[in-house]
Amino acid sequence: MLYDLFDYQLLKLVWWLIVGILLIGFAIMDGHDIGVCTLLPFVGRSDIERRIIINTVAPHWEGNQVWFVTAGGAIFASLPLVYATAFSGYYWALIAALWALFFRPVGFKYRSMIKNDRWRHTWDWLLFIGSAVPALIFGVTFGNLLLGSPFHFDQNLVSTYSGSFIELLTPFALLCGVVSVAMLTMQGGVYLAHRTTESIQSYAKTATNVAALATSLLFAIAGFWVQSLDGYLLVGDIDGGAVIDPLSKQVQIQSGAWLTNFYDYPWLWLLPALGVLMPVMVIILLKIERTLLAFIASSLAVLGIIATTGAALFPFYMPSSTDPRSSLTVWDATSSHFTLLVMLFVVVILLPLVLTYTSWAYAVMRGKVTKAYIKENEKTLY
């Protein structure tokens, strides 16, 4: 009965959408505390100001990490070939991101335990590294997906990656990395402007305006650059309900092919429009003191930028630059029908719980974080 209701092809599409939602959720929720910590050494001009900044996100960052962990788990369960190929091919890049992320929990915990300026100043910069470096690497990774990754499968579907870490750092990939840093800095800056007052809020607004302008301009530049990149197209009839076999298809490489979906479905242009226009709206809304609306606009920009990449790549997850036929797509990189069905019910049950407790936590701990609040709770806050 359930197999008839959720056929294999439909489940493959549903899981492409779920993975996209989880990545966007991670960028919006964990992205704003990454952005806050990226701004920490620059917006906070004194120790108490930096404590204010940290305490805007410290109660929530672990909950926000759920999006990151869930996205990784979803890829592991639903896209085993993508997980295996990406985590082996991009191993050193992902390890570097994880190493940097280690500074965040330790930094939040230890930073204010010792009243020593050098100690606290050091942890401020480690929190910056633990936020800015992963943001850069995540963007570089997405850029390399559009460029194609040097891997191929043998007849036993064992993948071989022939690239290196340095080869990931191409000009286009680095541009995508800078877009990612600017985007998450904007997200964090807007959140900081919403949760703080006085000089911190003023500095946060200034930093957010710069990040928002950079996000809009650099994302537009990346979009024009994509027009000249070699894109990938599936050739011939595709059986979306077939079992996994990446080597059974034909793939054609063509300049500008990443825009094919946008030409075929013109409404998709709304996605890059969000990525370009919403950062400008952030600047306008901050100017008129509508910080909550500015955060919503920033979140829409994040959605637009990530969804634009997903729409351009579809139906590809990981194109292969060395053997296009080995490219992993929505149709040939997923788990079995049964696994996707079981995981779908897990998501249907757990995702609403995540949304519920996250909403509750933010509602309970809403409001401004001020100097008076920090001084009144000196021993209990970060």
Side-chain angles (χ1 to χ4, degrees), residues 27-46 49-50 52-54 56-57 100 121 124-125 127-140 142-143 171-225 272-306 308 368-369:
I28 291 174
M29 298 305 299
D30 207 23
H32 73 254
D33 61 59
I34 285 176
V36 165
C37 290
T38 300
L39 291 173
L40 175 63
F42 310 104
V43 174
R45 304 305 172 94
S46 64
E49 288 186 347
R50 293 182 179 183
I52 290 171
I53 292 169
I54 289 172
T56 62
V57 296
H121 191 66
D124 291 339
W125 281 103
L127 283 169
F128 165 79
I129 292 171
S131 300
V133 170
L136 178 67
I137 291 175
F138 294 149
V140 168
F142 271 92
F172 177 77
L174 288 172
L175 173 61
C176 293
V178 176
V179 171
S180 175
V181 173
M183 175 184 74
L184 298 185
T185 301
M186 171 186 67
Q187 185 77 351
V190 174
Y191 180 79
L192 200 57
H194 182 63
R195 294 294 309 279
T196 59
T197 60
E198 300 175 345
S199 60
I200 301 177
Q201 186 183 63
S202 177
Y203 291 137
K205 286 181 179 179
T206 300
T208 302
N209 289 339
V210 174
L213 184 61
T215 300
S216 182
L217 291 177
L218 294 176
F219 178 61
I221 291 171
F224 283 111
W225 197 332
L274 287 176
V276 172
L277 298 179
M278 284 298 105
V280 177
M281 186 59 66
V282 167
I283 297 173
I284 295 172
L285 290 170
L286 287 180
K287 183 71 174 178
I288 61 176
E289 305 293 334
R290 304 301 294 272
T291 54
L292 181 58
L293 288 178
F295 182 78
I296 294 173
S298 178
S299 299
L300 288 173
V302 172
L303 182 153
I305 291 171
I306 297 177
T308 295
K368 303 288 187 179
V369 182

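In this text the structure is predicted, and so the values were computed from the model without any measurement.
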Item to check | Close side-chain approach of Thr308 and Phe219, heavy atoms under 4.5 Å | outcome: yes

Heavy-atom nearest pair, Met186 first then Pro279, reads SD-CB, 3.9 Å

Correct closest heavy-atom pair for Val276 and Ala220 would be CG2-CB, 4.3 Å

The complete set of salt bridge (charged side-chain N to carboxylate O under 4.0 Å, His left out) pairs with one or both residues in residues 178-187, sequence neighbours excluded, reads none

Residue pairs meeting salt bridge (charged side-chain N to carboxylate O under 4.0 Å, His left out), one or both in residues 205-216, sequence neighbours left out, come to Lys205-Glu289

Return the set of residues passing side chain to side chain donor-acceptor pair (under 3.5 Å) with [X] (not counting sequence neighbours), or none when no residue passes.
X: Ser131; value: Arg104
X: Asp124; value: Arg50, Arg111
X: Thr291; value: His194

Quick one: side-chain contact (heavy atoms from CB on, under 4.5 Å) partners of [X], sequence neighbours excluded?
X: Ser299; result: Ile28, Gln187, Phe295
X: Tyr203; result: Val43, Arg45, Ser199
X: Ala297; result: Met278, Met281, Val282, Leu285
X: Ala173; result: Val140, Asn144, Leu147, Thr170

Sorted by chain and residue number, the ring pair (Phe, Tyr, Trp, His ring centres under 6.0 Å) partners of Phe172 (sequence neighbours excluded) come out as Trp225

Roughly how far apart are [X] [atom1] and [Y] [atom2], rounded to 0.5 Å?
X: Leu192; Y: Ile52; atom1: CG; atom2: CD1; result: 9.5 Å
X: Leu303; Y: Ser298; atom1: CG; atom2: OG; result: 11.5 Å
X: Leu184; Y: Cys37; atom1: CG; atom2: SG; result: 12.0 Å

Worked check of side-chain contact (heavy atoms from CB on, under 4.5 Å) between Leu286 and Asn209
CA-CA 8 Å; Leu286 287 180; Asn209 289 339; 3.9 Å; yes

The side chain to side chain contact (heavy atoms under 4.5 Å, CB included) partner of Val369 among Ile200, Thr197, Thr56, Val57 is Thr56

- prompt: Do other residues, nucleotides or ligands put more than 12 heavy atoms under 6.0 Å from Lys287 NZ?
  reply: no

Contacts of Glu198 meeting salt bridge (Lys or Arg N to Asp or Glu O under 4.0 Å) (sequence neighbours excluded), chain-then-number -> none

